[in-house]
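Have a look at the structure below, then the notes.
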Amino acid sequence: MTAQRPLPVAMASGAVKLGLAGELVSDADGGGTVFLHGQASFSWDGGDEAGRRWAAVRLAALMAAGVAEIAAAFDVTPTTVWLWKQLLTEGGIAALVPEKKGPKRASRLTESVIARIVELRSTGLSQQAVGDAVGVSEFSVRRALKIAAEQAAADAAETPTADEAEALEPAQQPGLPLQPVPAPRAAERAAAGLLECAVPVFSPAAHIRHAGLFLAFPALETTGLLSCAKEVYGALPNGFYGLESVLIDAVLRALAGEARAEGATRFDPVELGRVLGLDRAPEVKTIRRRISQLAEAGNAGELIAALAKHHLAGTGPGGENLAAILYVDGHVRAYQGTKKIGKIYSTRLKFPVPATEETWVTDAQGSPVFVVMAKPGASLAAELRGLLPELRTVVGDDRRVLVGFDRGGWSPALFKHMDAAGFDVLTWRKGTTKDIEEKLFTEVSHTDDHGEERKWSVADTIVDLPLATTKKTGEVFSIRQISRIVGTTGGGTRQIHILTTDRDLPAGELVYRMGNRWRQENQFRYARMHFELDSHDSYASTGDDEDRMVPNPAKAKAYQKVVAARNQHAEAAAIADINLMALKTPAEGSNELTITVTSAMHNQVMAPLWEAETALIAAEKAHKKIPAKLRLGDLNPGQQVLDTEVKLIHTGIRMAAYNTAMTIAREIRTNTGYKRANQEAHALMRQMFNQTGDIDTTKPGYLTITLDPLPTKAKTAAAAELCTHLTSTKTRYPGSSLILKYEIKTKAPALIN
């Protein structure tokens with residue numbers, strides 16, 4: 001067996017080696033070619049500096065060689081390669097074009113060069129690295145920075161007032177600077193303990209990152225997060241970052257995919273600060289400290305209630321009453337730490353895990369409305385009973401509300417209680433029940449909000465549910481039952497039953513509303529994926545109530561023994577009956593008419609049954625002696641419960657972020673002509689949130705956000721339509737008097753140096 005000899009790395013002599021598989025061949029005129037595995041992969045002509053820089057950046061991105069080795073081959077420093085990479089990321093290949101070099105004299109430091117030096121220096125680069133990037137000496141960099149500082153001082157002294165600026169506003173504004181240094185806030189930071197907060201101040205800037213997050217503000221205002229937080233908390237203690245800044249920062253980070261406080265480390269604080277109107281966004285320790293200060297007030301529950309009341313006071317996408325239909329479900333949040341936390345069965349994980357449980361309420365569209373931390377060990381039925389007064393408070397009046405939930409809330413006594421309290425039940429029937437006669441089934445239909453008609457074959461009947469929890473024997477509760485015939489995995493059919501106390505809604509709509517309960521499951525899934533719903537925002541804990549009575553595990557184990565003994569007794573009884581019948585039956589072919597069964601024969605047959613009966617009686621007595629519940633302190637001393645106050649504050653923020661995202665996605669579907677909006681609205685929304693753009697403050701009273709075009713014409717057109725619609729809302733940027741105005745460029749911007 002022969003093997004093909006490997007090709008040479010490069011096809012020319014005198015090449016500079018790049019890693020294990022590449023070489024750089026330089027031409028006499030300044031051009032060059034990079035060979036990877038013997039194939040020409042990158043090439044540039046003499047004088048094509050942008051092509052040369054692009055090749056170096058691509059080699060670093062492909063990890064064809066180390067950055068230091070690439071820098072040495074291209075005769076630059078590793079910092080310069082990193083700078084080229086940043087320029088390519090932020091401005092495309094056009095940003096790699098070097099500035100035109102001038103004569104080696106003082107005139108080389110033109111205004112554009114000085115502005116470029118100041119910009120690069122603000123990113124943290126050394127003066128030598130800035131000089132290498134711009135093409136001047138380190139001494140020239142120091143001189144340019146001094147000139148810029150003197151000019152800034154002179155400009156500050158001559159800055160006109162707002163009235164003067166409006167009177168002198170030119171007919172055409174000059175180009176926006178490319179990522180200038182944010183407005184200095186040193187004085188406000190120095191006086192942070194004396195000021196309630198720093199107000200947002202925006203500087204004109206071109207091509208900034210995270211500009212797309214400005215699109216969220218009209219939808220964020222509809223959630224009521226900022227107004228409700230002010231109503232509940234008033235304000236944070238004096239400091240640079242106020243209540244609005246902290247909440248806006250948290251929502252924007254969540255929309256950008258980093259909902260946890262630790263996610264702030266994945267943002268450049270200066271870049272995110274431009275969206276907040278500050279010189280820097282708050283960092284992790286500041287976020288935790290400010291949220292902890294809110295938690296000290298102990299009003300997180302009031303914040304959630306205020307958000308729910310604000311949400312239910314509005315109308316849905318189709319103008320419907322959001323308080324008319326609500327869904328309730330429990331959500332288990334698993335804990336992976338080392339603290340001793342009580343276990344809860346997770347239906348998602350399919351086994352008990354240390355966890356806390358929350359009870360969530362969503363509207364008919366699946367948007368979160370209300371959440372409470374469930375009591376340890378409480379069932380959904382018990383949580384529902386305790387939740388009704390709070391729901392009535394947030395609804396605000398005595399209207400009947402249809403409440404949907406799954407079988408975890410099954411309790412005929414609860415159904416009766418809810419009906420008397422002005423709430424209608426919508427749930428699945430639990431347990432086995434007799435099938436409905438097929439002749440009672442008729443076809444019903446329902447047309448949803450999107451105009452899609454669905455049809456089902458159902459039977460609409462009234463059934464009586466026994467109230468086993470009452471002392472009155474035979475008392476029942478009459479309830480409406482909607483039955484459907486569905487297929488099974490084996491190819492057969494079975495009946496499923498929906499129960500409701502609502503006697504007025506059509507059967508078709510009730511079937512549709514029961515199926516809509518899955519929107520709540522979708523909300524949990526989406527929030528886990530994009531808003532880190534299951535994260536632990538606080539690791540603090542307190543001791544659980546050791547006097548709380550909890551189920552005794554020994555009781556369940558003893559009952560399992562009772563069940564096993566009953567099965568053995570039933571099996572022994574069946575065998576004994578068979579053996580007795582055999583004793584009394586003449587053998588085949590026998591002429592005997594009578595058979596004599598002696599006591600010894602009878603006792604021998606019945607002995608296994610009597611033994612099983614004795615074991616069953618003993619198991620039942622042992623089970624009866626074991627108490628059903630024990631003190632938690634006796635069963636599991638030292639058990640902890642996780643802090644709920646900080647978690648609820650973050651939950652309220654995530655609810656606002658989720659509702660903001662859903663609103664923007666809905667606007668894309670309804671107010672743009674994007675053909676694939678029904679399938680890609682959420683993906684397009686996230687792409688818009690991460691889009692770069694310009695901030696323009698030159699028009700008095702307005703904050704104009706101009707986004708860069710998206711990758712395709714269709715998406716750019718959809719973004720333009722969305723910008724027009726959001727501009728029509730005339731949303732004011734929180735904490736300022738500036739009205740947000742949105743635009744989008746129709747072609748790629750030209751970078752201004």
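Along the sequence shown, residues are numbered consecutively beginning with 1.
- The closest donor-acceptor contact from the side chain of Ser367 to the backbone of Asp363 lies at 3.5 Å or more, if one exists at all.
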Run the numbers on Ile479 and Val463 for side chain to side chain contact (heavy atoms under 4.5 Å, CB included), then give the verdict. CA-CA 6 Å; Ile479 194 170; Val463 296; 3.7 Å; yes

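- When atom types are taken as modelled, the side chain of Glu620 and the backbone of Val562 share no donor-acceptor pair closer than 3.5 angstrom.
- Judged by distance alone, with hydrogens and angles left aside, the side-chain atoms of His310 form a donor-acceptor pair with the main-chain N or O of Thr222 at under 3.5 Å.
- Surrounding CD of Glu453 are more than 12 heavy atoms belonging to other residues, nucleotides or ligands, all under 6.0 Å away.
- In this structure a side-chain-to-backbone donor-acceptor pair under 3.5 Å is missing from Arg480 to Asp460.
- Remark: side-chain polar atoms of Arg494 are not paired, donor with acceptor, to backbone N or O of Gly487 under 3.5 angstrom.
- Between the side chains of Thr501 and Arg400, no donor N or O sits under 3.5 Å from an acceptor N or O.
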Please assess Asn516 against Ile325 for the test side chain to side chain contact (heavy atoms under 4.5 Å, CB included), listing each intermediate value before the final yes or no. CA-CA 10 Å; Asn516 256 15; Ile325 302 171; over 6 Å; no

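- The two residues Leu307 and Leu225 make their nearest non-hydrogen contact at CD2-CA, 3.6 Å.
- Although no hydrogens or angles enter the test, the distance criterion places no donor-acceptor pair under 3.5 Å between the side chain of Glu358 and the main chain of Arg333.
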Side chain to side chain contact (heavy atoms under 4.5 Å, CB included) between Gln560 and His623, intermediate numbers included: CA-CA 9 Å; Gln560 292 176 359; His623 174 261; over 6 Å; no

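- Residues Trp410 and Phe415 bring their aromatic ring centres within 6.0 Å.
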May I have the list of side-chain donor-acceptor pairs in residues 378-391 shorter than 3.5 Å, sequence neighbours left out?
unit_1	atom_1	unit_2	atom_2	d
Ser379	OG	Ala382	N	3.2
Glu383	OE1	Thr359	OG1	3.4
Glu383	OE2	Lys375	N	3.4

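- Side-chain atoms of Tyr674 and Glu680 form a donor-acceptor pair, as typed in the model, at a separation below 3.5 Å.
- Arg513 forms no cation-pi arrangement with Tyr327, by the criterion of a distance under 6.0 Å to the ring centre and an angle within 45° of the ring axis.
- Between the side chain of Lys430 and the main chain of Asp406, no donor-acceptor pair closer than 3.5 Å is present.
- A donor-acceptor pair under 3.5 Å links the side-chain atoms of Gln495 to the main chain of Ile436, judged by distance alone.
- Defined by atom type and a distance below 3.5 Å, a donor-acceptor pair is present between the side-chain atoms of Asn522 and Arg525.
- Of all the heavy atoms in Tyr345 and Val332, the pair that sits closest is O-CG2, 3.9 Å.
- At least one donor-acceptor pair under 3.5 Å links the side chain of Asn552 to the backbone N or O of Pro627.
- Salt bridge Glu231/Lys309: absent, no basic N to carboxylate O contact under 4.0 Å.
- At distances below 3.5 Å, not a single donor-acceptor pair connects side-chain atoms of Glu546 with backbone N or O atoms of Arg631.
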Under the criterion side chain to side chain contact (heavy atoms under 4.5 Å, CB included), I'd like the reasoning laid out for Arg528 against His331: C-alpha separation, chi angles, the key distance, then a yes or no. CA-CA 11 Å; Arg528 278 197 303 268; His331 175 73; 3.6 Å; yes

